Amino acid sequence: MGSQVSGTERAKASAPEYQGALGSLSVNSSLPEVLARGVEELRAAEQAGDRREVARCGLAVAEANRRLGRIEEADRAWKASYRAARAAGHEGAMAWALWSGGTLARQRGSFALAYRLLRLAAEMGKRGGDVVVRGYSLAGLAETGRIQGDYEAVGRLHEQLLAEARRRGEARHTVWALEGIAQMHRNTGAYDKALTLFEEAAETALRAEDRRGWAWALRGVADVVSVRDGEVERALSLLSQAEEACREMRLSSALAYNHKMRGNVLYRAGRYAEARDLYARALEEFREIEEPRGTALSRLGLVKARARLGRDAARSTAELAEVRLMLDRIGLRHAREMVEKAAAELGVGPLPDSAEGGDPVPSAGGAEALLTADVEGLR
């Protein structure tokens, strides 16, 4: 994939989830600012009896709460936004609320619900003629499949959505797609391709003044230069830059993933005590914002670091089995391989089998037909 500069790269990133009276907010606005403005404008819209504006402001409130890790508040807000949009008879606003709800469900590890809500959002966006929410919803479905490790189902879809984002001049979605494709390359061992794409995403985000996307891209670059090249200090420096942006905007989830990645970098460098402390910090942060995927992955890192520092093998084996069960319940399809690889690395396997399991979680394959057919609807 080339790195040609298109209209997308020259455009400034926008935040289409900030609408109506909140349309002047930037993608880089701090989340406490978004929340305060959103609540203020929501109250004004309620007093005026403007249901469509209530839905728009409620969407911003839902998204600010979600990104701040205030899960219950976010859940109430997106549902209230949907009810207001439905009362107003506005399908586009209904679709945005469903997109927010689906994104929250994915964040909470509820993949079945995420697929359902995001499919509904995509369909309603099409009916309402809102191509932007439709694109965001399709991207959300693709990202849900990628997080589950279902790369065959969603790899091509990421590429299609990247092409559409470039064509439409949507810098923020270009960055998202580049990062998603890069992550799949990184996870399958294609480190050179991954680094090229993460660096392109970082450059694109910087030109578009998208500090959120830039922070996530730097995290990806740090990961690859650490695992491929062993460049510990460069990786830590990149993560420090990304952390500053996360703190400025109060990006709770991104900050926790930053700390987990710092733990990964230190672990790879054999600095196990430092890695243990970072994993423990990230674990606490993920638990605070009720994000099960990050919680399980941080706990996996913590078990590995403690084992390297001399923890009893039997305890490490039992904890790895618990982490495997956690990841299976969430629906991460590569979880078993990931945990068993850790057990082999630490010399504590084989892990005991567990008869316990969670509800079956759908794969991205079920969404592929919808996505493949409907990406044409973005044109």
Side-chain angles (χ1 to χ4, degrees), residues 106-111 143-155 179-191 194 198 219-220 222-224 226-228 235 253 256-270 272 275-276 278-280 282-283 286-287 291-308 311 313 315-365:
R106 182 178 64 240
Q107 182 173 316
R108 301 177 79 170
S110 300
F111 290 117
E143 184 168 351
T144 304
R146 176 176 60 77
I147 288 172
Q148 284 190 277
D150 207 344
Y151 300 157
E152 184 177 349
V154 300
E179 290 173 356
I181 296 164
Q183 192 65 51
M184 288 186 277
H185 282 310
R186 181 261 180 265
N187 289 349
T188 53
Y191 298 129
F198 275 129
R219 175 181 170 275
D223 183 27
V224 177
S226 165
V227 72
R228 186 191 72 169
S253 179
Y257 275 107
N258 182 291
H259 291 154
K260 186 190 77 68
M261 182 57 68
R262 188 178 289 270
N264 291 355
V265 171
L266 293 167
Y267 180 87
R268 292 169 191 148
Y272 301 124
R276 175 198 60 199
L278 263 297
Y279 286 133
L283 178 59
F286 282 122
R287 282 175 171 165
E291 188 163 330
R293 174 170 166 260
T295 297
L297 293 175
S298 296
R299 189 174 176 199
L300 175 60
L302 188 57
V303 172
K304 290 169 61 178
R306 284 173 172 166
R308 292 292 192 183
R311 171 161 281 196
R315 290 186 65 186
S316 296
T317 300
E319 288 193 12
L320 284 173
E322 290 176 10
V323 172
R324 183 180 63 188
L325 182 58
M326 290 172 64
L327 289 166
D328 280 343
R329 283 173 172 168
I330 295 169
L332 301 185
R333 304 188 181 286
H334 53 303
R336 184 166 294 268
E337 178 184 346
M338 185 191 316
V339 178
E340 289 178 353
K341 180 180 177 183
E345 174 191 328
L346 299 171
V348 299
L351 299 178
D353 286 328
S354 172
E356 190 177 356
D359 295 331
V361 179
S363 72

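Just so we're clear, the structure is a prediction, and the values are computed from it rather than from any experiment.
Here the straight-line distance linking atom CD of E345 with atom NZ of K341 works out to 7.5 Å at 0.5 Å rounding. Atoms CG and CZ, on L300 and R324 in that order, are 12.0 Å from each other to the nearest 0.5 Å. In this structure, CZ in R219 is found 5.5 Å from NZ in K260, a value given to the nearest 0.5 Å. Note that the OG1 atom of T295 and the CG atom of L327 stand 10.5 Å from one another [nearest 0.5 Å]. In this structure, E319 CD and R306 CZ are separated by 6.5 Å, a value rounded to the nearest 0.5 Å. Note that OH of Y267 is 14.5 Å distant from CG of L278, once rounded to the nearest 0.5 Å.
When all heavy atoms of A296 and I330 are compared, the closest pair comes out as CB-CD1, 4.2 Å. Taking each heavy atom of T317 and P350 in turn, the nearest pair found is CG2-O, 4.3 Å. For A282 against S298, the heavy-atom pair with the smallest separation is CB-OG, 3.6 Å. The two atoms that bring A280 and L302 nearest to each other are N-CD1, 4.1 Å, heavy atoms only. Nearest heavy-atom pair, V348 versus S316, reported as atom, atom and distance to 0.1 Å: CG1-CB, 4.4 Å. The minimum heavy-atom distance between M338 and L297, with the atom names listed, is SD-CD2, 3.7 Å.
The 12-atom threshold is exceeded at CZ of R228, counting heavy atoms of other residues, nucleotides or ligands nearer than 6.0 Å. Crowding of R287 atom CZ: a count of heavy atoms from other residues, nucleotides or ligands under 6.0 Å not exceeding 12.
At distances below 3.5 Å, not a single donor-acceptor pair connects side-chain atoms of S226 with backbone N or O atoms of A222. Of the possible polar contacts, one joining the Q148 side chain to the G331 backbone as a donor-acceptor pair under 3.5 Å is found.
Side-chain contact of T144 with R106: a donor-acceptor pair under 3.5 Å is present, judged by distance alone. Side chain to side chain, S253 and E291 meet the donor-acceptor criterion of an N or O pair below 3.5 Å.
Residues satisfying the side-chain hydrogen bond (donor to acceptor under 3.5 Å, both in side chains) test with S110, not counting sequence neighbours, are none. The side-chain hydrogen bond (donor to acceptor under 3.5 Å, both in side chains) check on R186 picks up D223, with sequence neighbours excluded.
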F111/I147 under side-chain contact (heavy atoms from CB on, under 4.5 Å): CA gap, chis, key distance, verdict: CA-CA 10 Å; F111 290 117; I147 288 172; 3.8 Å; yes

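Counting heavy atoms from C-beta outward, Y257 and R293 have side chains that approach closer than 4.5 Å.
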